[in-house]
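Below is one structure, written out as structure tokens; the observations come after it.
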Protein chains: 2
Amino acid sequence: MTRVLVVDDEPQILRALRINLRARRYEVAVAADGADALRLAASQPPDLVVLDLGLPDMDGVDVIRGLRGWTNIPIIVLSGRAGSQDKVLALDAGADDYVTKPFGVDELLARVRAVTRRTAGAGETVATVTVGRFTVDLAARTVRSDDGREVRLTPTEWHLLEILIRNPGRLVSQRQLLHDVWGPQYQSETNYLRQYMAQLRRKLEDDPARPRHLLTEPGMGYRFQPE
Amino acid sequence: MTRVLVVDDEPQILRALRINLRARRYEVAVAADGADALRLAASQPPDLVVLDLGLPDMDGVDVIRGLRGWTNIPIIVLSGRAGSQDKVLALDAGADDYVTKPFGVDELLARVRAVTRRTAGAGETVATVTVGRFTVDLAARTVRSDDGREVRLTPTEWHLLEILIRNPGRLVSQRQLLHDVWGPQYQSETNYLRQYMAQLRRKLEDDPARPRHLLTEPGMGYRFQPE
DNA sequence: CGGTCACGTCAAGGGAGCGTCAAGAAGGGT
DNA sequence: ACCCTTCTTGACGCTCCCTTGACGTGACCG
């Protein structure tokens, strides 16, 4: 269930939003001022923040900055001020949307759906990937077999493998690989790719002749296939 | 460089946006109507679309749906209608933001920064289309059956399918298909199209003899029909 | 009823692209 | 100056994809 933190000092708005959001099956937490909001967000991180800029204790933009210091959960700003400057400040501080009061509840809910729709699919990036019997640590630049033995890769092999792993399951074209590893002027030397893909397979695949993770897409490019 | 497609039929707005966006180092493409926008987005996908809802040829919400059929690049809607219902429809069709005219250029630019900031940091977007029992991921270049089996397509098959999917529900002429896949000098070799459409149907249609998604328009061209 | 056109299907040759082996060139460390 | 690692380059089968031709079929029309 999506967890929404509503920050506003006007009781009637707070109440209206809570009722409407609960009716749409959102889990709702409320805060009446900025300090309360930051504390609550830190202790029980929500999936979305609806933030009124006109708070009694601190500037709303500072609340945005306080949140953006450690998280990038979506923030929808409510404000009574329709000035262009206010909007720009809030959006550039890290807000995702800016709604001026008075606002329609239907509109706000649609904007809630719009921002949550986009962030729902965003997953975490991991630094360590398993390729068959091997564990690749992109940050540490190490490849370790499951029996503890280290596998050494040359700089070019690393560069190539890293691009493929950073696009798990996705095809990477020959042109892009050549461009990123060897440079803009090497866009047709596919023999380089054949050479180094063969080396990577010799080092990382159980059966280099039948690769299970470093796959060729004939005529197009290569693909790293996770388990 | 971030590529922005601006869709509007009012020359002065088009001009103002182009100048302001170019000054901020965006690459700007423009379209004056919905059909033009869909075609341009399909052939040269932008990183962001700024879309006026009041277009001469088709409903703006249908343009949003046409884009969302195969991509989830950010869409910022411009509209002269401030009604709550219009906003909800556009946002739920897949728009990321909704700005009512008249709007300040500073505000629009801030909203452009807000949506691009999020999609740039959130990693890659997944553009996935379902064709019968199969799921086509244009970005990853994969086709997966609902039972998990992979379907392999050759480069030419991909090229052809991609053009059709990027024009969902719309007729694509034989000339355009031949031109885009095989090149300018192959505009009458319709046997190529028959050959490859047959292969795509064998791989993607339940009953290749009675296609439900890869349709022939006799004498004109082919059409990808979504569910 | 017969002819034509456009589309769908099947089959086969030729060639592009891939994996592989091997050897020379370049760079860095001792 | 020498050796070792790494990168570059060339050559050679082999597989699979593209191309091409021929034939069948249904729709439309005279």
Side-chain angles (χ1 to χ4, degrees), chain A residues 141 143 150-164 171-183 185-225, chain B residues 141 143 150-162 164 171-175 177-183 185-225:
Chain A
R141 296 240 140 173
V143 179
E150 283 263 352
V151 177
R152 273 184 53 82
L153 298 185
T154 73
T156 308
E157 289 165 2
W158 261 114
H159 207 159
L160 192 57
L161 181 65
E162 185 167 357
I163 295 173
L164 291 170
L171 174 81
V172 186
S173 72
Q174 301 176 355
R175 289 178 59 95
Q176 188 182 338
L177 288 171
L178 285 165
H179 178 276
D180 289 359
V181 177
W182 281 272
Q185 65 271 33
Y186 288 79
Q187 300 207 2
S188 60
E189 319 283 351
T190 60
N191 46 331
Y192 287 14
L193 288 179
R194 300 205 299 274
Q195 176 66 23
Y196 278 94
M197 287 304 300
Q199 294 204 21
L200 283 175
R201 284 171 180 154
R202 272 197 288 274
K203 294 184 177 181
L204 298 179
E205 292 277 3
D206 288 335
D207 183 357
R210 292 204 180 71
R212 301 188 60 233
H213 302 95
L214 300 172
L215 308 182
T216 303
E217 300 286 342
M220 303 192 291
Y222 294 87
R223 176 196 311 278
F224 165 65
Q225 185 69 29
Chain B
R141 294 240 139 157
V143 178
E150 286 266 352
V151 177
R152 273 182 46 85
L153 299 186
T154 72
T156 309
E157 289 164 3
W158 263 114
H159 207 158
L160 192 56
L161 180 65
E162 186 168 358
L164 291 170
L171 171 74
V172 185
S173 72
Q174 299 177 350
R175 289 178 58 93
L177 288 171
L178 286 165
H179 178 277
D180 288 0
V181 176
W182 281 272
Q185 65 271 31
Y186 288 79
Q187 300 208 1
S188 59
E189 322 285 52
T190 59
N191 47 329
Y192 286 13
L193 289 179
R194 298 206 297 277
Q195 174 68 22
Y196 279 94
M197 287 304 300
Q199 295 204 20
L200 284 176
R201 285 170 179 156
R202 270 197 290 275
K203 294 184 176 181
L204 298 179
E205 292 277 3
D206 286 336
D207 184 357
R210 292 203 181 71
R212 301 188 58 233
H213 302 95
L214 301 172
L215 308 182
T216 303
E217 301 285 341
M220 308 180 61
Y222 293 88
R223 175 197 310 276
F224 166 65
Q225 185 66 32

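The sequence lines fix the lettering, A, B, ..., with proteins before strands; numbering per chain opens at 1.
In the set dC18(D), dG19(C), dC7(D), the nucleotide with an atom closest to the side chain of Thr156(B) is dC18(D). Distances from the side chain of Arg152(A) to the nucleotides dT5(D), dC7(D), dC7(C) place dT5(D) closest. Checked against dC17(D), dC7(C), dG8(C), the side chain of Thr154(B) finds its nearest nucleotide in dC17(D). For Asn191(B), counting side-chain heavy atoms from C-beta on, the closest listed nucleotide (dC17(D), dT20(D), dT9(D)) is dT20(D). Comparing dC18(D), dC21(C), dG19(C) by their closest approach to the side chain of Arg202(A) singles out dC21(C). Comparing atom distances between the Tyr192(A) side chain and each of dT20(D), dT9(D), dT9(C) picks out dT9(D) as nearest. Closest to the Arg194(A) side chain, of the nucleotides dG19(C), dC7(D), dC7(C), is dG19(C).
Note: CE (Met197(B)) to C1' (dC10(C)) measures 18 Å, nearest angstrom. Put simply, CD on Gln199(A) is 12 Å from P on dT20(C), counting in whole angstrom units. In this structure, OH of Tyr222(B) is placed 12 Å from P of dA6(C), rounded to the nearest angstrom. Atom pair Glu189(A):CD and dC7(D):P shows a separation of 16 Å (rounding to whole Å applied). The nearest whole Å value for the distance from the CZ atom in Arg210(A) to the P atom in dG19(C) is 14 Å. Rounding to whole angstrom units, CG of residue Leu215(B) and P of dG8(C) are separated by 11 Å. Rounded to an integer number of Å, the gap from Leu200(B) CG to dT9(C) P is 12 Å. Atom CE of Met220(A) is separated from atom C1' of dA16(C) by 15 Å (rounded to the nearest Å).
Gln225(B) contributes no side-chain N or O that, together with a main-chain N or O of Arg212(B), makes up a donor-acceptor pair within less than 3.5 Å.
Side-chain to base pairing of Gln174(A) with dC18(C): no donor and acceptor N or O lie closer than 3.5 Å to each other.
Judged by closest nucleotide on DNA chain D, Tyr196(A) is the one of Tyr196(A) and Gln195(B) placed further toward the 5' end.
Within the 4.0 Å cut-off from OP1 or OP2 of dC7(D), not a single side-chain nitrogen or oxygen of Trp182(A) is found. Contact check, Thr216(A) against dG19(C): a side-chain N or O comes under 4.0 Å of OP1 or OP2.
Atom CZ of Arg175(A) is surrounded by 12 or fewer heavy atoms from other residues, nucleotides or ligands within 6.0 Å.
Across all non-hydrogen atoms, the minimal contact from Thr216(B) to Arg201(B) is OG1-NH2, 2.6 Å.
A salt bridge links Glu217(A) with Arg152(B); the closest basic N to acidic carboxylate O contact falls under 4.0 Å. Using a cutoff of 4.0 Å between basic side-chain nitrogens and carboxylate oxygens, Arg141(A) and Glu162(A) are scored as salt-bridged.
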